[in-house]
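Below: the structure, in structure tokens.
Reckoned from all heavy atoms, side chains included, excluding hydrogens, waters and symmetry mates.
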Amino acid sequence: MTPAAGRALRPATWQLALPLGSFYLAFFLAPLLMLVAVSAFDDDALETVGFAQWVKFLGDPFYLNVIWDTVKLGFYAVCVTTLLAVPLSLVWLAASATWQRVLLFIIILPLLTSVVVRTFAWIVILGREGVVNQALLALGLIATPLRLLQTELGLVIALAQIELPLMLLPLISVLARLPPNLIDASLALGAGRWRTLFRVILPLAAPGLVAGATLVFASASTAFISQGVIGGNRLVYLPLVIWQQSLVVFNWPLAAVAALCLLVSVGAGIVALGMLGARLGGRQHGPA
């Protein structure tokens with residue numbers, strides 16, 4: 001077969017992307033356009049076109065506070081998982097090849113368990129008679145059990161454990177590609193361990209941190225099961241509003257508005273994290 005004939009039989013680039021593009025159009029873009037269309041109706045029967053639901057949602061301080069709380073929850077989860085993931089990734093980096101495989105299996109293991117099971121397990125841990133309160137009472141640190149369930153603190157703690165693998169895996173993937181003698185070279189040139197950490201390891205690990213932060217933020221902000229089970233009805237976030245308006249009140253236009261606001265707010269957070277990653281990358285590759 002001649003090279004020209006081989007090129008003729010080879011599919012074009014757009015043909016290779018056609019299956020994924022078709023899937024994207026059918027299961028993401030089309031429902032998104034339907035949400036936009038439904039949000040443009042004023043009534044539940046979808047008969048009167050207008051923007052009354054948008055005015056109602058964006059003009060109500062309660063719903064604006066729900067948007068802010070949803071974004072804030074995602075960033076809280078990012079901060080806590082980052083503080084936990086960086087030391088754990090350094091432990092993995094310093095371990096032998098055998099222990100690295102063991103630690104990687106432990107990291108992946110929670111992903112093999114249903115998020116519903118893990119979330120209900122946190123009810124046992126954070127309850128008034130749970131492990132945390134019993135340990136604090138036994139140590140004499142508190143006189144009465146703390147209220148951790150249906151609080152933002154308890155929800156952030158649970159989300160930090162649930163979302164931790166999403167932060168660790170990208171971070172470990174980046175650290176695994178670092179030259180093995182990089183840390184020794186930094187120490188040999190007179191930099192201490194803390195200086196090596198903040199001036200060498202963390203800047204080079206910035207792409208993994210940004211990728212993990214993006215995954216954690218998007219997942220924690222939309223974690224309907226964890227928010228509903230741990231937070232209960234006292235903590236209201238956008239996923240709960242969407243569920244209530246669509247399946248309880250049957251106000252589909254307002255539910256569509258809430259869904260689009262969730263999409264925009266999570267997208268804005270992801271863009272902000274991407275800009276932070278680009279800035280860190282530019283600083284890393286810039287002049288010394």
Side-chain angles (χ1 to χ4, degrees), residues 23-79 81 115-116 119-120 122 149-156 158-160 162-163 166 213-275:
F23 184 87
Y24 176 82
L25 289 173
F27 295 100
F28 180 77
L29 187 58
L32 180 61
L33 294 176
M34 291 175 62
L35 278 178
V36 174
V38 171
S39 69
F41 287 93
D42 289 346
D43 56 337
D44 303 346
L46 305 182
E47 295 177 349
T48 306
V49 178
F51 297 96
Q53 299 297 339
W54 283 98
V55 174
K56 176 182 178 180
F57 192 89
L58 297 179
D60 192 334
F62 170 77
Y63 289 122
L64 294 179
N65 189 62
V66 169
I67 296 175
W68 168 246
D69 287 342
T70 303
V71 175
K72 184 174 64 173
L73 176 67
F75 279 108
Y76 281 166
V78 168
C79 293
T81 52
V115 65
V116 178
T119 302
F120 276 98
W122 276 102
L149 288 178
Q150 298 187 357
T151 63
E152 190 175 54
L153 175 61
L155 180 56
V156 171
L159 285 175
I162 293 172
E163 311 295 345
L166 299 181
T214 302
L215 293 173
V216 170
F217 175 78
S219 181
S221 301
T222 58
F224 171 67
I225 294 176
S226 300
Q227 294 171 5
V229 174
I230 304 296
N233 293 325
R234 297 185 71 253
L235 301 179
V236 180
Y237 299 100
L238 280 175
L240 179 62
V241 172
I242 297 170
W243 177 78
Q244 289 177 338
Q245 295 297 325
S246 60
L247 298 180
V248 178
V249 185
F250 296 106
N251 188 348
W252 285 95
L254 190 60
V257 172
L260 292 173
C261 288
L262 177 62
L263 181 64
V264 171
S265 59
V266 173
I270 292 174
V271 170
L273 291 170
M275 294 174 61

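- Here the straight-line distance linking atom CD1 of Ile270 with atom CE of Met275 works out to 14.0 Å at 0.5 Å rounding.
- Looking only at side-chain heavy atoms (C-beta outward), Asn65 and Asp60 stay at 4.5 Å or farther from each other.
- The minimum heavy-atom distance between Pro239 and Leu262, with the atom names listed, is CG-CD2, 4.3 Å.
- Annotation for Phe120: atom CZ does not count as buried by contact number, only 12 or fewer foreign heavy atoms lying within 6.0 Å.
- Ring geometry, Phe57 versus Tyr63: the interplanar angle falls under 30°, so the pair is classed parallel (tilted spans 30 to 60°).
- Taken from CG in Leu238 to CH2 in Trp243, the straight-line distance is 15.5 Å, to the nearest 0.5 Å.
- With hydrogens and angles ignored, the 3.5 Å screen pairs no side-chain donor or acceptor of Ser219 with any backbone N or O of Val216.
- In plain terms, the two heavy atoms of Tyr237 and Gln227 that are nearest each other are CB-OE1, 3.3 Å.
- Here OG1 of Thr81 is found 12.0 Å from CZ of Phe217. Values are rounded to the nearest 0.5 Å.
- In terms of modelled atom types and a separation under 3.5 Å, the side chain of Asn251 and the main chain of Ser246 share no donor-acceptor contact.
- Ser221 and Thr70 share no donor-acceptor pair across their side chains, judged by distance under 3.5 Å alone.
- Among all heavy-atom pairs drawn from Ile230 and Thr119, the shortest one is CD1-O, 3.6 Å.
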Residue pair Phe41, Thr48: steps toward the side-chain contact (heavy atoms from CB on, under 4.5 Å) verdict
CA-CA 6 Å; Phe41 287 93; Thr48 306; 5.9 Å; no
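- Gln53 approaches Pro253 most closely through the heavy-atom pair CG-CB, 3.5 Å.
- Considering all non-hydrogen atoms of both residues, Glu152 and Lys72 come closest at OE2-CE, 3.5 Å.
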Could you check Leu263 against Leu35 for side-chain contact (heavy atoms from CB on, under 4.5 Å), going step by step and ending with a plain yes or no?
CA-CA 11 Å; Leu263 181 64; Leu35 278 178; over 6 Å; no
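- Distance check: Leu33 CG to Phe28 CZ gives 9.5 Å after rounding to the nearest 0.5 Å.
- The two residues Cys261 and Trp54 come nearest to each other via the heavy atoms SG-CZ3, 4.0 Å.
- Separation of atoms CZ (Phe62) and CD1 (Ile67) is listed at 11.0 Å; rounding is to 0.5 Å.
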Assess whether side-chain contact (heavy atoms from CB on, under 4.5 Å) is satisfied between Trp122 and Leu159, documenting all intermediate values.
CA-CA 10 Å; Trp122 276 102; Leu159 285 175; over 6 Å; no
